[in-house]
Asker: 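Have a look at this one.
No hydrogens, no waters, no symmetry mates; every other heavy atom, side chains included, goes into these values.
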Amino acid sequence: MRDIRIAGVLAGPLFIGVSLAQALTREGFDVTRHAWSLLSNGSLGWLQFANFVLTGLLVLAAGAGIARSVPQSRWAGRLVGVFGLSMIAAGCLRADPALGFPAGTPDGPGTVSWHGIGHLVAGAIGFLCVVAAAWVLARHQPPGPALYSRVSGTAFLLAFAGIASGNSAPGFTIGFIAGVVIIFTWLAVVSLRPDPVS
């Protein structure tokens, strides 16, 4: 079952790499101010759409692998699977232009559309599910990995709470990027070795 779980190792580098490449090269994007979801806008928005969908498919596959290989905690894999589905949904439901991105967009929060609301709701559901997955899996891991799962889930939850507050200060935006790196690193680690002891 390890071969399907390799998807969990690939998901993070894909999502983070494609997002960062765009964040550093697209006109008007400020990595300290703009959430990566905004990259779905503009003429190159299709790149982030594809990034969300492909990453979501990889996360979904990883969740299936974890659910099958950790019979004591199938819920952890299922929750990871919901995170994957939420990424696919968030990719299909484009975030609204805001905070001056894409270039030419007025500064400020901007108008919120139905698909913008859908993007936020899908993301929130997925984020909470992957946090829950980390905590659920921790119950069936040795002490060291269990602590790592709990810390990773909690760190991501705090990063999500910061960005969900609507504050676009650099600390919140960079903090959320760090949270994304932390949770995808956790997914890679448990995809390589999710085996429980109890």
Side-chain angles (χ1 to χ4, degrees), residues 7-62 82-131 155-188:
V9 178
L10 301 174
L14 172 67
F15 187 72
I16 294 164
V18 172
S19 296
L20 274 179
Q22 293 182 82
L24 297 174
T25 58
R26 289 188 58 185
E27 180 186 358
F29 194 89
D30 183 351
V31 72
T32 67
R33 189 165 178 250
H34 297 131
W36 289 348
S37 291
L38 294 179
L39 291 165
S40 296
N41 292 287
S43 61
L44 294 175
W46 65 270
L47 288 170
Q48 196 65 347
F49 161 76
N51 192 21
F52 268 106
V53 172
L54 291 175
T55 302
L57 290 171
L58 289 171
V59 172
L60 187 59
V82 174
F83 176 46
L85 290 173
S86 80
M87 290 198 72
I88 295 169
C92 294
L93 299 165
R94 180 175 46 85
D96 294 306
L99 304 172
F101 187 84
T105 300
D107 203 10
T111 304
V112 181
S113 66
W114 65 269
H115 54 81
I117 292 171
H119 178 88
L120 295 172
V121 170
I125 291 170
F127 295 157
L128 294 175
C129 282
V130 76
V131 168
F156 183 66
L157 179 62
L158 293 173
F160 169 55
I163 201 83
S165 71
N167 192 325
S168 60
F172 288 96
T173 306
I174 297 298
F176 186 67
I177 292 171
V180 168
V181 171
I182 288 168
I183 206 64
F184 273 113
T185 301
W186 170 81
L187 180 60

Asker: What closest approach, in Å, do S86 and A122 show between heavy atoms, and which atom pair accounts for it?
Answerer: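 Taking S86 first and A122 second, the nearest heavy atoms are CB-O, 3.1 Å.
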Asker: Once side-chain hydrogen bond (donor to acceptor under 3.5 Å, both in side chains) is applied, do any residues pair with S37, and if so which ones, sequence neighbours excluded?
Answerer: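 side-chain hydrogen bond (donor to acceptor under 3.5 Å, both in side chains) check on S37 returns H119.
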Asker: F127: what forms a ring-ring contact (aromatic ring centres under 6.0 Å, His included) with it, not counting sequence neighbours?
Answerer: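 Here the qualifying residues are F156, F160, F176.
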Asker: Of the non-hydrogen atoms in Q48 and Q22, which two are nearest, and what is the gap between them?
Answerer: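 Heavy atoms of Q48 and Q22 come nearest at OE1-NE2, 2.8 Å.
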Asker: Taking all non-hydrogen atoms of both residues into account, name the closest pair between L58 and A7 and its distance.
Answerer: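 Answer, listing the atom of L58 first, then A7: O-CB, 3.3 Å.
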Asker: Report the residues that fulfil side chain to side chain contact (heavy atoms under 4.5 Å, CB included) with S165, sequence neighbours left out, ordered by chain and then residue number.
Answerer: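 Testing S165 for side chain to side chain contact (heavy atoms under 4.5 Å, CB included), a comparison that skips the adjacent residues, returns N167, F172.
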Asker: Do T55 and F184 have side chains that get closer than 4.5 Å, going by heavy atoms?
Answerer: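 A side-chain contact exists here, since the closest heavy-atom pair is under 4.5 Å.
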Asker: Any side-chain heavy atom of T111 within less than 4.5 Å of one from D96?
Answerer: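 T111 does not reach D96 side chain to side chain.
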Asker: How close do V59 and A11 get, heavy atom to heavy atom, and via which atoms?
Answerer: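 Shortest heavy-atom contact: CG2-CB, 3.8 Å.
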Asker: Mind checking ring-ring contact (aromatic ring centres under 6.0 Å, His included) for F49 and listing every partner two or more places apart, or none if nothing turns up?
Answerer: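 ring-ring contact (aromatic ring centres under 6.0 Å, His included) check on F49 returns nothing, list empty.
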Asker: Looking at residues at least two apart in the chain, or sitting in another chain, which of them share a side-chain hydrogen bond (donor to acceptor under 3.5 Å, both in side chains) with T32?
Answerer: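 Residues passing side-chain hydrogen bond (donor to acceptor under 3.5 Å, both in side chains) with T32: D30.
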Asker: Nearest 0.5 angstrom please: F83 CZ to L128 CG, how far?
Answerer: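 That separation rounds to 11.0 Å.
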Asker: Looking at CZ of R26 and CG of L39, how far apart are the two atoms once the value is rounded to the nearest 0.5 Å?
Answerer: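 It is 5.5 Å, given to the nearest 0.5 Å.
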Asker: Measure the shortest side-chain to side-chain distance between W36 and L20 over non-hydrogen atoms and say whether it is less than 4.5 angstrom.
Answerer: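 Yes, their side chains come closer than 4.5 Å.
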Asker: Is a donor on one side and an acceptor on the other found under 3.5 Å between the side chain of N41 and the backbone of P102?
Answerer: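 Checked: no pair found.
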Asker: My understanding is that only residues two or more places apart in sequence, or in another chain, count here; which of them pass ring-ring contact (aromatic ring centres under 6.0 Å, His included) with F29?
Answerer: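 F29: ring-ring contact (aromatic ring centres under 6.0 Å, His included) contacts with H34, F101.
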Asker: Look up atom CZ in R94 and atom CG in L38, then write down how far apart they are to the nearest 0.5 Å.
Answerer: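 Result: 10.5 Å between the selected atoms.
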Asker: Let me confirm one number: the CD1-CD1 distance from I174 to I163, rounded to the nearest 0.5 Å.
Answerer: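 Answer for the CD1-CD1 pair, I174 versus I163, is 9.5 Å.
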Asker: To check you understand the geometry: which heavy-atom pair defines the closest contact between I88 and V53, and what is its length?
Answerer: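 Closest pair (atom of I88, atom of V53, distance): CG1-O, 3.8 Å.
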Asker: Can you find a pair of side-chain heavy atoms, one from V31 and one from I177, that are under 4.5 Å apart?
Answerer: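 Sidechains of I177 and V31: in contact.
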Asker: Give the minimum heavy-atom separation between V82 and C129, together with the two atoms involved.
Answerer: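 In this case the closest contact between V82 and C129 is CG1-SG, 3.6 Å.
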